[in-house]
Structure formats: C-alpha cells, structure tokens
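Have a look at the structure below before the remarks.
For clarity, every value in this text was computed on a predicted model and none was experimentally measured. Numbers restart at 1 for each chain; the letters A, B, ... are given by sequence-line order, proteins then strands. Worth knowing before you read on, the calculation uses all heavy atoms, side chains too, and leaves out hydrogens, waters and symmetry mates.
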Amino acid sequence: MNVRYFAWLRERIGAASEEIETGAPTVGALVDELRARGEGHASAFADTRALRVAVDQQLASFDAPLAGVREVAFFPPMTGG
Amino acid sequence: MNVRYFAWLRERIGAASEEIETGAPTVGALVDELRARGEGHASAFADTRALRVAVDQQLASFDAPLAGVREVAFFPPMTGG
Amino acid sequence: MTTRIQSEAFDVGVEVEAFTAAQAGAGAVVSFTGIVRDVAGGLRWMELEHYPGMTEAAAEAMRQEALTRFSLTGALVIHRYGRLPPGAPIMMVATAAPHRGDAFAAAEFLMDWLKSRAPFWKKEVTETGESWVDATDADEEALGRWS
Amino acid sequence: MTTRIQSEAFDVGVEVEAFTAAQAGAGAVVSFTGIVRDVAGGLRWMELEHYPGMTEAAAEAMRQEALTRFSLTGALVIHRYGRLPPGAPIMMVATAAPHRGDAFAAAEFLMDWLKSRAPFWKKEVTETGESWVDATDADEEALGRWS
C-alpha cells in the first residue's frame, strides 16, 4: 500500500510517501502501525483530530476499511482558495 | 421649475421636460396641477403608486415640499443593473 | 474614476485586470457583469434610458455606501446607457477586500441597489414591437436584506 | 477545460473575458479572484502544496456539484500551486447564470468548498522563517450554510 504525507506531516515524517506492507483493517489500525515506525511518525500522528485522511484519493474517516485500497494519504486540514 | 419625465411617462406625456410656473407647496399638489394639463398628463399620472419622484435629483416622496426646488422628475420604478 | 456612466462599450477583462492590479492589500476580488439577455427570442436591442446627473450621483453614493459598510480596499461601478445588443455587457461592479466575505457582500449590495434605485429604465426592442421592462418584486425585496 | 490546477500564472482579465464570451444565455457573470496577501509584512512568497490527481478530481467534483445545485450556464475553476509572490493571483472561480442570485451563490459555494475541501496547503515563507497556514474555524463553518 502506498502511504502519502502532505504539508507539515510530510516534513515531520521526512518522506512524501512510503510503500508499506500492512494487514491493518482500518485507517485507524494503520495509524497505530505507522506510529511505531519512529519518532517522526509518532510525532506526526500524536493527535489524529488535527489530521485528515484520503483513501484512494477520496476524503474518508479514520474508521474507513482498507480492504482493496491502494493509496492512503494523511495531511492537515486543507487551506486552499 | 423644471419638470422632467422618463421612460413611459416621457412617452405618454410627449415631452422630456417642461418649464412650469407653480406655487404648489408639495409634489402631490404639483401632480394635481400637471394632471389638468391634458390627456397625456392625466394618463401618465393616473396612478401615482406606480411612479417614483426625484426632487433636485434626490429620490423623494409625494408629500415632499417644493419650496426652493429647481427640478422635479417623475418616472416609473427603476430597472437598472 | 471608479463610477462610470457611459454609452460606450467596455471590456470586462480589461476592467477586471486594471481594477485587480490597483488593489493594495486585497486578498479577494469579486466582479459581477450584467449581460443583455434575449429571454423571449427576437430581441433586437435593449434601450437603456437614464437621468444624466442624478444617475452618476446616485451610483457614486451607492459605491461610497459600500465602502463605508464593508471592509474594502476598493470598489468600481460601470453602467452603460443607450442601445445595447443581446450579449453585450450592460454594467459591472467590482469589489476588493482583505477577506472574501466582504468582497462578495459588497458586490451583492451594489447590485441590489443599482437594480432598484439607480435611475435607469430598460426598454426591449423586438422584431414585433417595443416595451418597457417592469420592475420586479424580487428586485425590490432584495433590498430588504441590507436594512 | 473548465477546471485547471496549474503552477503557471494566469491572467485574470483574459480568463474572465474568455469565460464571459463563451456563455450563451447568461445574464449574470460573477468572478472571484484570491490574491496572495502579505498580512504581517516580510512575506517573501507563499508555497502551495497540493495532491496531484486528487486535487484535480476534487475541484472538478465541486464544479460539477455547483452546476447541479444552481441554475448555471457555466463554471470555471483555476487554482495554482507552487511558489506565489505577494500580490499574485492564487486562484479564481467564475460562474454564469441567467439570474444574478445563482451566479453569486454558486461562486460563494465553490469558494467555501475549495477553501476547506480541496487538497491544498499553504506555507508562508518570510524573511525570518516559514510556517504552515492554519485552517480557520470560520472557513470550516462557512460550509455549514450549504448543507
């Protein structure tokens, strides 16, 4: 699964994307796995209420299922316009 | 006093403006005098609820006083924009 | 000159570009353009009558009121009179503000007032005749939200 | 193409003019332009990050939703990414409709959604450092009026 990071999440983790082998059933379970990958990840995911997630490029919630999903992206609230 | 007409009022009266000697104390009294000038005037002023008035180029009401006024204009509701 | 009452055609793109370039400190620019519509078919042109002198003063007073009421960096009003073919721009307003809420509100405020209180009268000239456009209740009621 | 996500600068006047000319049956055209503001002083540039692929799809979905929800003849969305200096246009929307109410509402609808749901993130780069712009409660709350 391709996991992507944007804005300060990307900076804190130090990578724009990672290819990850996971059996996590939901976004929330994936976040728990990612937190264990190191200090940068733990800091980035410290408060998921401050984060947004997209599953296969659609905005989703943290309890969204991951079966068949190819890409998950994490980022702070958007500031376009 | 210069009295001006716009849009269908101008067409019905057959003049864009008239120079009128009047002692009418208010717009309403002036309207009564104008109605007596002929059929066109009478028809134009038949229903003043359908009309608007400007006194010295400021929107006004039909009971506005005319002392010292130089120009009165009558017209239907505006349709700009 | 940021209130212009004119018979000449104007170029919406040129006006929006020049207005936008002149706004220091603006984060938001809104423009509105009104265009002659051939609603029923057969419209040859729209004839716009106005009240020279009063029209300029009334439109400028509305622009000043918008500048007072909203937090703007600038506002522009252009309104044509005379003979206007279908598809021609009749008028435009542009507003600029630090924040988008003020720019949108000021543009709608100016449109609502210009529609019902600026001394213009529209006559439709069609292939079969001509008729004055009636004022609508909706346009009159739109003013209520600003009181 | 009526949704464009691009790094290149665009010319507001040219876009408004071309959009307006393409609208058959429109009586009202509204445009909104967002401009980089140097709020605190010392802004060198704004860096706009986006999510290639998702950004285009999300913006186009919002444009389609505006066309469905309001009575429009057309809608345009342009949004830049990359390095944008103070005073540069960041993005614009344009909407056209038979009546002005739809054109104004659709432009505000698109702005509210693009602000908070299109995947863009702004970073301010100043003479003394850089920082990500926080999302505001006001922008989030603005979405409430469309539900």
Side-chain angles (χ1 to χ4, degrees), chain C residues 10-39 41 43 46 73 86-101 103-112 114-115 122 133 136 138-139 141-142 145, chain D residues 10-39 41 43 46 73 86-101 103-112 114-115 122 133 136 138-139 141-142 145:
Chain C
F10 62 91
D11 183 316
V12 174
V14 169
E15 299 296 343
V16 170
E17 188 77 30
F19 177 78
T20 302
Q23 302 306 316
V29 177
V30 169
S31 76
F32 176 93
T33 309
I35 295 166
V36 178
R37 262 196 330 146
D38 184 2
V39 177
L43 181 70
M46 191 81 85
T73 62
I90 305 174
M91 53 83 63
M92 69 171 286
V93 303
T95 55
H99 302 289
R100 74 184 187 285
F104 272 119
E108 294 205 60
F109 172 87
L110 280 170
M111 285 310 306
D112 287 348
L114 289 165
K115 276 265 171 192
K122 287 196 188 91
V133 174
T136 69
D139 281 337
E141 285 157 13
R145 60 175 157 161
Chain D
F10 62 90
D11 184 314
V12 174
V14 169
E15 299 296 344
V16 170
E17 189 76 30
F19 177 78
T20 302
Q23 303 305 316
V29 176
V30 169
S31 75
F32 176 92
T33 308
I35 295 167
V36 178
R37 260 196 331 147
D38 184 3
V39 178
L43 181 70
M46 191 81 83
T73 62
I90 303 174
M91 53 82 64
M92 68 171 286
V93 304
T95 55
H99 301 288
R100 74 184 188 283
F104 272 119
E108 294 203 62
F109 171 87
L110 281 170
M111 285 310 306
D112 287 349
L114 289 166
K115 276 264 170 191
K122 286 196 188 92
V133 174
T136 68
D139 282 336
E141 285 157 14
R145 61 175 157 161

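Applying the side chain to side chain donor-acceptor pair (under 3.5 Å) rule to pairs touching residues 26-38 of chain C yields C:Ser31-D:Ser31, sequence neighbours excluded.
Neither the backbone nor the side chain of D:Ala24 comes within less than 4.5 Å of any heavy atom of chain C. Proximity to chain D (any heavy atom under 4.5 Å) is shown, for C:Ala103, by neither the backbone nor the side chain.
Heavy-atom pairs under 4.5 Å with chain D peak, among C:Val30, C:Asp11, C:Val14, C:Val29, at C:Val29.
C:Pro98 approaches C:Thr73 most closely through the heavy-atom pair CD-CG2, 4.1 Å.
The stretch residues 15-22 of chain D places D:Val16, D:Glu17, D:Thr20 near chain C, each with some heavy atom under 4.5 Å from a heavy atom of that chain. Annotation: residues 88-96 of chain D contacts chain C through no residue [non-hydrogen atoms, separation under 4.5 Å].
Residues passing the salt bridge (charged side-chain N to carboxylate O under 4.0 Å, His left out) test with C:Asp112, sequence neighbours excluded: C:Arg145, D:Arg100.
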